[in-house]
Amino acid sequence: MKRLFVILSVTVILGVLLASSVLASPVKVTYWTFFSGGDAEYMQDLIARFNAEQDEVVIEEEVIPWGEYYTRLTAALAGGNAPDIGIFHITHLPSFVNRNAFVALDDYLEDYGFPVEDFNPVTWEAVQLNDSVYAIPIDTHPEVFYYNVDIFKAVGWVNEDGSVRIPQTPDELIEFGKAVKAYDPELVPYAMDTAPGGAYRIWLGLLTQAGGKLLEEDGKTPAFNSPEGRKALELLYSIVVEHGFSEVGTSAQLLFREQDAAVQIGGVWNTGVHEKQEGLNFGATMVPPIFGQRANWANSHAIIVPRQRGGVDEAKIKASLAFLDWMTANGASWAKAGHIPPRISVLESEDFNSLPYRPEYAQAAEYAVFLPPTTSPSELENVLNEYIEALYHDQLTVEEALNRMEAEVANILR
Amino acid sequence: MVQNPQVSVHRSPFRKKLKETLTGYLFIGPYFAALLGLLFYPILYGLFISFHEWDILGLPRYVGLENYIRLVNDPVFWSSLRNTFEFTVMSSPPIIIIALLLALALNRPFRGRTLFRGIFFFPYLLSISVATTIWIWLLQNRYGLLNYYLRQIGLTAPDWLNSTTYAMPAIVVTTIWWTLGFNLIIFLAGLQDIPEQLYEAAKIDGATPWDTFWHVTLPGLRRIFRFVVIMQVIASLKIFGQVYIMTQGGPFGSTRVLSMYLYEQAFTYFRMGYASAIGYVFLVIVLILTLIQWKLMGAEERD
């Protein structure tokens, strides 16, 4: 009897030890990213800190070259060896969600008690498709308005209080451009993304400001060949071609960094680059409401959970949500890359507001205009970019550009 | 075997042959298996996919000839094909002729010959990203070295890579600079294969240097020349990396070549069926062009 007791207790103790050691072994989560430039170090730093601060989850980052990312992810999904989580542009969600590639997260968010209400509603809405949440946003990255303080002062565009005077209307944009050219014809008044990356972005922002939209609600019918779309494109044509206020083809970031441009309209990721440039005295603000109301192009980095061959691993999803909760709560660190944190509590925090430049344009996330949900985002972007580029090279009239974009977009999204 | 020589004589050739055959198969086996799995299977699968609609994630859906019909009616396919031919016509002759002239010069004995051979061959050793990045920076509009000097001497400096007029020539020049060295080496080897006696005989007959070049050097290079022309035209038709890195097919599609269009369709838009159809049509075009060249230059060789 005594012997049996000993055996039993030993078994129980061993069992408890074993169980606890199993429980204590951390959940490994593989995480694919495409960050390589200025963003990379901030992401690595976040992962390292999260891994060090707790011992239940280990995040293992694998960096995939940006140009291959969506191809590799598609191949991995087809081959059954997708990562546990992966970074994603929310504009690419529909094409993957339609192919049933990602796990809908609603139930898991509820079980976890994820602080959904703390997220910026504009961005949170953009991660939902067919009334389900398919991604957790970790930032919003809109286009903003960078200005070279020295050039603004040199050309006399300064308010009475000494702050720079930002052009607010189409006429003021032209007027300021003329002032810059009169001061130094070598300067570029407006450095903008022209080719081939993002020529359409400024236009999308402007046409939304004018009250227009890119596509109809069905996500298939072009709606941009409208008075609003024309007005926005005519303004760009006037700035770039008629007045020569932009330098087509030269990197906008480079022009602004080299102090050869008075203004850069570009994505917030430029902040992290420009602030490292010695001697560059600049500021950043939201794109002004040129056509009356505020709106600016934006995209958002979000994190998705690929569907696995073996079914859903709830422990991994729970661990991933813990990581994402922590990462977005520490959004001020990610904001160092220039991005705008998605969580309201972070936007109000001291950590974020003590950062230079970012708080000045943080509100741009509320006026974010995303590429509308479509199953062919890359192709849509490429077509728009190509025709706007042709317009900038004065190979087409505004009318022709709009008509041809409309025909081709209708054909792609059909 | 020593005890029974007759048997051994009888058996040995067969055994030897079997052994040799087996060794042969063993040697080519691993490579052949790799070829089978990594080349022949994908090629056949590509043909199969070209009759389907497939986005990698789902299952292929049979669509018959739809992809090929679509291709015939696709203006971008035709403009890409035209750009590919334009590049081939612009790049192949200079790469061949300059390489030949350089080979003739570098085949003569002079001081520093080895050094110059190395210098001209060097760009070929660079990876495509390095070679193209050098030229992107040289040709950059505002900050590039070339335009800096053009402006210094008072010329207008075009934005090379962002101009429908100059982007393709800029890619051609980059390609010439980068790949010349390969043909140069082949031509040099060919020149060294021409027997010295022929030159001596020409000399004795009182041939001028031009006669010698025309009647001894060129005929001696005929086989090499054919090889270089055919390989060069194929290489030019296949151009991808330079365009992908330097212009991404722009400005607005003016440098989009066929392989670039194929890549876009396959890996940006995930239209595997359509991309495979483009690939197969491209393959047939390259085959036909190669056969035509083969026939033309083969006939020349017989007379």
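As a basis for the values below, the full set of heavy atoms in this structure was taken, side chains included, without hydrogen atoms, waters or symmetry mates. Here is the naming used below: chain letters follow the sequence lines, and residue numbers restart at 1 for every chain.
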S.K.: Heavy-atom pairs under 4.5 Å with chain A are the metric here; pick the option from B/Gly58, B/Gly250, B/Pro251, B/Ser254 that has the most.
M.R.: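 When all of B/Gly58, B/Gly250, B/Pro251, B/Ser254 are compared, B/Pro251 has the most.
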
S.K.: Determine the minimum heavy-atom distance between A/Ala78 and B/Leu57, stating which atoms define it.
M.R.: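 The pair with the smallest heavy-atom distance is N-CD2, 3.7 Å.
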
S.K.: Test side-chain contact (heavy atoms from CB on, under 4.5 Å) on B/Thr268 and A/Glu379; report intermediate values, then the result.
M.R.: CA-CA 8 Å; B/Thr268 311; A/Glu379 204 168 8; over 6 Å; no

S.K.: May I have the step-by-step check of side-chain contact (heavy atoms from CB on, under 4.5 Å) for A/Asp260 and B/Tyr143, ending in yes or no?
M.R.: CA-CA 11 Å; A/Asp260 285 328; B/Tyr143 307 106; 2.6 Å; yes

S.K.: Just wondering, are more than 12 heavy atoms of other shown residues or ligands nearer than 6.0 Å to CE in B/Met231?
M.R.: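 Result for CE/B/Met231: open.
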
S.K.: List the atom pairs, with distances to 0.1 Å, where a side-chain N or O of residues 247-257 of chain A and a protein N or O form a donor-acceptor pair under 3.5 Å, not counting sequence neighbours.
M.R.:
residue, atom, partner, partner atom, Å
A/Glu247, OE1, B/Arg142, NE, 3.0
A/Glu247, OE1, B/Arg142, NH2, 3.0
A/Glu247, OE2, A/Thr250, OG1, 2.8
A/Glu247, OE2, B/Arg142, NE, 3.2
A/Ser251, OG, A/Gln253, N, 3.4
A/Ser251, OG, A/Leu254, N, 3.1
A/Gln253, NE2, A/Asn270, OD1, 2.8

S.K.: For B/Asp55 versus A/Thr74, what's the shortest heavy-atom pair and its separation?
M.R.: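 Reported closest heavy-atom pair: O-CG2, 4.1 Å.
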
S.K.: Answer whether the closest heavy-atom distance between the side chains of B/Tyr269 and A/Ile412 falls below 4.5 Å.
M.R.: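 No, side chains not in contact.
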
S.K.: To the nearest 0.5 Å, how far apart are CZ in B/Phe252 and CG in A/Asn382?
M.R.: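 Here the interatomic distance stands at 15.0 Å.
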
S.K.: Which atoms form the tightest heavy-atom contact between B/Asn162 and A/His393, and what is the distance?
M.R.: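 Shortest heavy-atom separation between B/Asn162 and A/His393 comes out as O-NE2, 2.5 Å.
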
S.K.: Got a sec: does the CZ of A/Arg307 have more than 12 other heavy atoms crowding it under 6.0 Å?
M.R.: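 Above 12, so yes.
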
S.K.: Should we count OH of B/Tyr263 as having more than 12 external heavy atoms under 6.0 Å?
M.R.: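 Correct, the count exceeds 12.
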
S.K.: Should we count CZ of B/Phe240 as having more than 12 external heavy atoms under 6.0 Å?
M.R.: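 Atom CZ in B/Phe240 is packed in, count exceeds 12.
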
S.K.: Take atom CZ in B/Phe121; do more than 12 heavy atoms of anything else shown fall under 6.0 Å from it?
M.R.: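 For B/Phe121, atom CZ is crowded (more than 12 foreign heavy atoms under 6.0 Å).
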
S.K.: Which atoms of B/Glu264 come close to chain A, meaning under 4.5 Å heavy atom to heavy atom: side chain ones, backbone ones, both, or neither?
M.R.: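 When you check distances to chain A, no heavy atom of B/Glu264 falls under 4.5 Å.
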
S.K.: Is it true that the NZ or CZ of A/Arg99 lies under 6.0 Å from the centre of B/Phe270's six-membered ring and within 45 degrees of the ring axis?
M.R.: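 Ring-cation test returns yes.
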
S.K.: Can you confirm whether more than 12 heavy atoms, excluding those of A/Trp66, are under 6.0 Å from its CH2 atom?
M.R.: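 Atom CH2 in A/Trp66 is packed in, count exceeds 12.
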
